[in-house]
A.B. asks: 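Okay, here's the structure, questions in a sec.
We use all heavy atoms of the structure for the numbers below, so side chains are in, but hydrogens, waters and symmetry mates are not. So that the names make sense, note that chain A is the first sequence line, chain B the second, and so on, each numbered from 1.
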Amino acid sequence: MTNGAGEPLDDFVRELVRDDLANDRFGGRLQTRFPPEPNGYLHIGHAKAITLDFELANEFDGICNLRFDDTNPDTEDTTYVDGILEDLEWLGYQPHVAPLYASDYFEQLYEWAEHLISEGMAYVDDQDAETISDQRGGFGQPGIESPFRTRSVDENLDLFRRMRDGEFDEGARVLRAKIDMQHENMQLRDPVMYRIRNEPHHRTGDRWHIYPTYDWAHGQSDAIEGVTHSLCTLEFDSHRPLYDWYLSKLPLPSDTPRQTEFARLELTHTVTSKRRLAALVEDGIVDGWDDPRLPTLRGLRRRGYPAEAIKEFCSYIGVSRANSRHQIELLESFVRQHLNATAQRKMAVLNPLRLVITNWPEGEVNEVEVVNNPENPDDGTRLVPFTGELFIEHDDFRADPPPKYFRLTPGREVRLRGAYFVTCTGFDVDDAGTPTTVYATYDPETRGGNAPDGRKVKSTMHWVSAEHAVSGSAALYERLFSAEVPGTETGDPMDDLDPNSVTTLDNCMFEPSMADLAPGEVVQFERLGYFAHDPRTQLLFHRTVGLRDEWARIQQRG
RNA sequence: UGGGGUGUGGUGUAAUUGGCAACACGGCAGUUUCUGGUUCUGCUAUUCGGGGUUCGAGUCCCUGCACCCCAACCA
């Protein structure tokens, strides 16, 4: 991967890795991991972390694994592990070994907890969550010590074993690390290591009644796997001292993993918090986790975003410690760049208007040759049937053209792509004055799209033969949230939802070759944009992203 | 309120670690074109404020300000 200037990636993480390697810190080894919690689907923000973790391993001859951080049975489910596996594979990354699970380390974690207890560094607290929270103190105010903090090692061991054996109710007791209730970093005020949960776990079933917290599980899991660089997002910065504290108290080799934090990815006009995404799905605002308006990986995939474009975007934006929100337009420019090079061109009329060629020989069908992708001659050409009755785009005809309008208008000659020059001779309107049929004559000399006398036209338009067209639907998407930063006005992002974020056109006319498009295939509708064939519904297309549209800009400026 | 983190064009990311502030997206003006797409060219605009050190500061020092994170038995 390279940055925008085509240079190898460089950032503070790579610099740090290079230093560690140069100083032989981990015996010259690099190992990362991507540690999702299986309680939701992956989104574009995860793609940034994934790209970092895996590309880093590629660059430094290291390895990267996938580890499910499944320490909380309340919310986790195998549905999500399957989904995450699918999404990761789609992105094109292959973990070094089969998926790993923090839950596979529960036994080891438990033993280490007993070790800490034996060393007088952990204790069982009988108080409830609220009491513990109150005693923790606040910013600037020291906490107070739990009355159970001075329990004997033996009593702690006994209680902890009985917690494990399921003797107590949920919430009745916790195991806490004995660190410092006065510490200025709240994370170090005797954090909870284990809580009692009688919920079945998606992998360990009902074998455990106690579950490790994130802090107690994460660093140790890293150590068990041999992770050298544990990359996570900025909000874990204040947890790093705790990460290091646990590792330093356990019988481990001295080269313990090193946690480094970077800023998470935020995008304009969307949200990436799991809670908010779940709300959009559950409240029926979108159609499901793979709704093309969502920034989920499955949503983007259905929308037609190429995995390559997503990865290039993630590499390009780099990694830093500054919170920032990238413009969605940048992602879209990567998508266009990729699709422009790869997508096959098709002619599709979204809002059909009848065009009758009055001098066309009655009943004649003429196959004209059009290019599949001008960016890639190897993709060849195809034949498209041309007849005397066609559909053109409603927007491509104006009875009364505004300035700078180059398309079809009475008396004007334009080119029908790959076919002929036609000149508009008249049109019909309905009672509302909307054109219903346009009439034109064609010039037989211009077959193939060029005039032997060298005369030029200002516009080339797409078309389909009425007799041969296949009909279908197209979903046109706007941004899900109209505000750049949803929620800036009222504090609630949901207030910025665009109620019209999707427009579905059901009377689209497609050139016949589109009947053969594979599910999920992404093509360019000439002059309109890139469209992804729905994976399940034949001839339903999702607009991935429009083409850059100068005419729209001219109109906007007025 | 204590601790930690971060401030570079409209947006994001760089700057050989003290030496001409650059790249991309966007915008604007052209060019090319059988897509008002693509290509190509040009233009546009940046170091949070105030002091200081220095021949020279985005970079070092002092100070102020703004924003983000931390007081779950979530991750």
A.B. asks: Distance criterion of 3.5 Å, no angle test: do you see the side chain of A:Q524 paired donor-to-acceptor with the base of B:U35?
C.D. replies: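 Per atom types, the contact qualifies.
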A.B. asks: Counting only heavy atoms not in A:Q182 (residues, nucleotides, ligands), do more than 12 fall under 6.0 Å from its CD?
C.D. replies: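 More than 12 heavy atoms, drawn from other residues, nucleotides or ligands, come within 6.0 Å of this atom.
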A.B. asks: Centre of A:Y101's six-membered ring, under 6.0 Å away, within 45 degrees of the axis: is that where NZ or CZ of A:R203 sits?
C.D. replies: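 Satisfied, under 6.0 Å and within 45°.
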A.B. asks: Any stacking of A:Y194 on B:C73, going by centres under 5.5 angstrom and planes within less than 30 degrees?
C.D. replies: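 According to the criterion (under 5.5 Å, under 30°), no, A:Y194 does not stack.
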A.B. asks: Looking at every strand, decide which applies to A:Y405 at a 4.0 Å heavy-atom threshold: base, sugar-phosphate, or nothing.
C.D. replies: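 It contacts base atoms.
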A.B. asks: Answer yes or no: is there an ion pair linking A:R173 with A:D125, defined by an N-O contact shorter than 4.0 Å?
C.D. replies: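 Looking at A:R173 and A:D125, the cut-off is not met.
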A.B. asks: Is the aromatic ring of A:Y214 within stacking range of B:A75, meaning centres under 5.5 angstrom and planes under 30 degrees?
C.D. replies: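 It does not: the ring fails the test against the base of B:A75.
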A.B. asks: When you check the gap from the basic side-chain N to the acidic O, do A:R33 and A:D69 get nearer than 4.0 Å?
C.D. replies: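 Looking at A:R33 and A:D69, the cut-off is not met.
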A.B. asks: Looking only at side-chain atoms of A:A322, point me to the closest of B:A75, B:C25, B:U13.
C.D. replies: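 Closest of the options to the side chain of A:A322: B:U13.
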A.B. asks: With a non-hydrogen cut-off below 4.0 angstrom, is A:G449 in contact with a base, only sugar-phosphate, or nothing?
C.D. replies: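 It contacts base atoms.
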A.B. asks: Rounded to the nearest 0.5 Å, how far does CE of A:M163 lie from CG of A:N156?
C.D. replies: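 A:N156 CG to A:M163 CE: 10.0 Å, rounded to 0.5 Å.
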A.B. asks: Hey, is the side chain of A:E235 pairing donor to acceptor with the base of B:G4 inside 3.5 Å?
C.D. replies: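 Result: no qualifying N/O pair found.
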A.B. asks: Taking the C1' atom of each, how far is B:U33 from B:U47, in whole Å?
C.D. replies: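 Going atom to atom, C1' in each nucleotide, I get 41 Å.
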A.B. asks: Could you check whether the side chain of A:R553 and the base of B:G36 have a donor-acceptor pair of N or O atoms closer than 3.5 Å, going by distance alone?
C.D. replies: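 Such a pair does not exist between side chain and base.
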A.B. asks: Stacking between A:F406 and B:G36, defined as ring centres under 5.5 angstrom apart with planes under 30°, is that present or not?
C.D. replies: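 The base of B:G36 is stacked with A:F406 (centres under 5.5 Å, planes under 30°).
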A.B. asks: What interatomic distance, in whole Å, is found between C1' of B:G49 and the corresponding atom of B:A66?
C.D. replies: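 The answer is 10 Å between these two C1' atoms.
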A.B. asks: For A:Y211, answer base if it contacts any base atom (sugar-phosphate contacts may also be present), sugar-phosphate if it contacts only those atoms, and nothing otherwise; contact means non-hydrogen atoms under 4.0 Å.
C.D. replies: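 Here A:Y211 touches no strand at all.
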A.B. asks: Of the candidate nucleotides B:C25, B:C74, B:C70, which contains the atom at the shortest distance from the side chain of A:Q187?
C.D. replies: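 Among B:C25, B:C74, B:C70, the one nearest the side chain of A:Q187 is B:C70.
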A.B. asks: Figure out the CG/C1' separation between A:D125 and B:A72, and round it to whole Å.
C.D. replies: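 Answer to the nearest Å: 15 Å.
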A.B. asks: Can we say A:E282 and A:R276 salt-bridge, meaning some charged N sits less than 4.0 Å from an Asp/Glu carboxylate O?
C.D. replies: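 Result for this pair is no, no salt bridge flagged.
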A.B. asks: Using a strict cut-off of less than 4.0 Å between a Lys/Arg side-chain nitrogen and an Asp/Glu carboxylate oxygen, indicate whether A:R162 and A:D165 qualify as a salt bridge.
C.D. replies: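 Salt bridge between A:R162 and A:D165, a charged N being under 4.0 Å from a carboxylate O: no.
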A.B. asks: If you go through the side-chain atoms of A:H239, does one of them form a donor-acceptor pair with the base of B:A75 closer than 3.5 Å?
C.D. replies: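 In this structure, the two groups form a donor-acceptor pair.
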A.B. asks: Counting side-chain heavy atoms from C-beta on, which of B:A72, B:U13, B:G26 comes nearest to A:R548?
C.D. replies: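 Ranking B:A72, B:U13, B:G26 by closest atom to the A:R548 side chain puts B:G26 first.
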A.B. asks: Using the P atom in both, what is the distance from B:G4 to B:G9, to the nearest Å?
C.D. replies: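 Straight-line distance between the two P atoms is 27 Å.
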A.B. asks: Rounded to whole Å, please give me the gap between CE in A:M193 and C1' in B:C73.
C.D. replies: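 Checked: the CE to C1' distance equals 13 Å.
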A.B. asks: Apply the ring-ring contact (aromatic ring centres under 6.0 Å, His included) test between A:W463 and each candidate in A:F510, A:F397, A:F386; give the one that qualifies.
C.D. replies: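 It is A:F386, the one option of A:F510, A:F397, A:F386 that forms the ring-ring contact (aromatic ring centres under 6.0 Å, His included) with A:W463.
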A.B. asks: For the pair made of CZ in A:F139 and P in B:A71, what is the distance, rounded to whole Å?
C.D. replies: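 Interatomic distance, CZ of A:F139 to P of B:A71: 6 Å.
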A.B. asks: Can you tell me how far P of B:C70 sits from CZ of A:R264, to the nearest Å?
C.D. replies: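 That distance rounds to 10 Å.
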A.B. asks: OP1 or OP2 of B:C74 less than 4.0 angstrom from a side-chain nitrogen or oxygen of A:R195, does that happen here?
C.D. replies: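 Yes, A:R195 has a side-chain N/O under 4.0 Å of OP1/OP2 on B:C74.
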A.B. asks: Check this one for me: any side-chain N or O of A:R527 less than 4.0 Å away from OP1 or OP2 of B:U33?
C.D. replies: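 The answer is no; no side-chain N or O of A:R527 sits under 4.0 Å from OP1 or OP2.
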A.B. asks: Determine the Euclidean distance between corresponding C1' atoms of B:U35 and B:G19; express it in Å to zero decimal places.
C.D. replies: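 About 49 Å, rounded to a whole number of Å.
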A.B. asks: Considering only atom C1', compute the distance from B:C40 to B:U59 and round it to an integer number of Å.
C.D. replies: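 Approximately 37 Å lies between the C1' atom of B:C40 and that of B:U59.
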A.B. asks: In whole angstrom, give me the gap between the P atoms of B:G27 and B:U38.
C.D. replies: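 Each nucleotide's P atom is 11 Å from the other's.
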A.B. asks: Identify, between A:N450 and A:Q327, the residue whose nearest nucleotide on RNA chain B lies closer to the 5' end.
C.D. replies: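 Its nearest nucleotide being more 5', the pick is A:Q327.
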A.B. asks: Does A:T71 put a side-chain nitrogen or oxygen below 4.0 Å from OP1 or OP2 of B:A75?
C.D. replies: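 So the side-chain polar atoms of A:T71 do come within 4.0 Å of the phosphate oxygens OP1 or OP2 of B:A75, strictly under.
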A.B. asks: Check this for me, if you would: do A:R321 and A:E261 make a salt bridge, where the nitrogen-to-carboxylate-oxygen distance has to be below 4.0 angstrom?
C.D. replies: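 Looking at A:E261 together with A:R321, the answer is yes, because their closest N to O distance falls below 4.0 Å.
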A.B. asks: Tell me, which of residues 265-275 of chain A have any heavy atom that sits under 4.0 Å from an atom in RNA chain B?
C.D. replies: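 Correct list: empty, so none.
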A.B. asks: Taking only the side-chain nitrogens and oxygens of A:S333, find out if one of them lies under 4.0 Å from OP1 or OP2 of B:C25.
C.D. replies: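 No.
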A.B. asks: Less than 4.0 angstrom from a charged side-chain N to a carboxylate O is my criterion; do A:K311 and A:E308 meet it?
C.D. replies: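 Looking at A:E308 together with A:K311, the answer is yes, because their closest N to O distance falls below 4.0 Å.
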A.B. asks: Can you tell me if A:S133 touches the phosphate of B:A71, counting only side-chain N or O atoms and a distance under 4.0 Å to OP1 or OP2?
C.D. replies: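 For B:A71, neither OP1 nor OP2 has a side-chain N or O of A:S133 closer than 4.0 Å.
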A.B. asks: Looking at A:Y442 versus A:Y420, is the centre-to-centre ring distance below 6.0 Å?
C.D. replies: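 They qualify: ring centres under 6.0 Å apart.
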A.B. asks: Can you tell me the distance, in whole Å, between the CG atom of A:L234 and the C1' atom of B:C68?
C.D. replies: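 One finds 8 Å between C1' of B:C68 and CG of A:L234, rounded.
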A.B. asks: Before accepting this row, confirm whether a basic side-chain N of the pair A:D549/A:R527 lies closer than 4.0 Å to the acidic partner's carboxylate O.
C.D. replies: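 Salt bridge flag = no for A:R527 with A:D549.
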A.B. asks: What is the separation between atom CH2 on A:W551 and atom C1' on B:G36, rounded to the nearest whole Å?
C.D. replies: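 Between C1' of B:G36 and CH2 of A:W551: 9 Å.
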A.B. asks: Between B:G56 and B:C23, how many Å separate the two P atoms, rounded to a whole number?
C.D. replies: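 To the nearest whole Å, 28 Å.
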A.B. asks: Determine which bases of RNA chain B form Watson-Crick or G-U wobble pairs with both distances under 3.5 Å, and write the result as a 5' to 3' dot-bracket string with | for other-strand partners.
C.D. replies: .((((((..((((.....[..))))(((((.........)))))...(((((..]....))))))))))).....
A.B. asks: If I take atom CD in residue A:Q259 and atom C1' in nucleotide B:C70, what distance separates them, rounded to the nearest angstrom?
C.D. replies: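 It is 13 Å, rounded to the nearest whole Å.
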A.B. asks: Mind checking A:K458 for me? I need base, sugar-phosphate or nothing, with any heavy atom below 4.0 Å counting as a touch.
C.D. replies: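 Here A:K458 touches no strand at all.
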A.B. asks: Indicate, with a heavy-atom threshold strictly under 4.0 Å, whether A:R417 touches base, sugar-phosphate, or nothing.
C.D. replies: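 Base, at least one base atom sits under 4.0 Å.
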A.B. asks: Regarding A:R321, tell me which of base, sugar-phosphate or nothing describes its non-hydrogen contacts under 4.0 Å with the strands shown.
C.D. replies: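 Sugar-phosphate contact only.
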A.B. asks: Between the base of B:G2 and the side chain of A:Q141, is there any donor-acceptor pair under 3.5 Å?
C.D. replies: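 Check fails, no donor-acceptor contact within cut-off.
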A.B. asks: Suppose you measure atom C1' in B:G7 against the same atom in B:G50; what distance do you get, rounded to whole Å?
C.D. replies: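 Rounded to whole Å, the distance is 16 Å.
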A.B. asks: Taking CG from A:N323 and P from B:U6, how many angstroms apart are they, rounded to a whole number?
C.D. replies: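 Spelled out: CG on A:N323 to P on B:U6 is 10 Å.
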A.B. asks: Taking all non-hydrogen atoms of both residues, which atom of A:S103 and which atom of A:D70 are closest, and how far apart?
C.D. replies: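 Where A:S103 meets A:D70 most closely, the heavy atoms are OG-OD2, 2.7 Å.
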A.B. asks: Going by an N to O cut-off under 4.0 Å, is there a salt bridge joining A:R258 and A:D244?
C.D. replies: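 Looking at A:D244 together with A:R258, the answer is no, because their closest N to O distance does not fall below 4.0 Å.
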A.B. asks: Under 4.0 Å, counting only non-hydrogen atoms across every strand here, what does A:E550 touch: a base, just sugar-phosphate, or nothing?
C.D. replies: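 Result for A:E550 = sugar-phosphate.
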A.B. asks: Please evaluate the base of B:U11 for a donor-acceptor partner in the side chain of A:R325 within a cut-off of under 3.5 Å?
C.D. replies: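 Under the 3.5 Å cut-off, the side chain and the base do not form any donor-acceptor pair.
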A.B. asks: Please confirm whether the shortest side-chain N or O distance from A:S459 to OP1 or OP2 of B:U35 is below 4.0 Å.
C.D. replies: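 False: A:S459 side-chain N/O out of range (4.0 Å or more) of B:U35 OP1/OP2.
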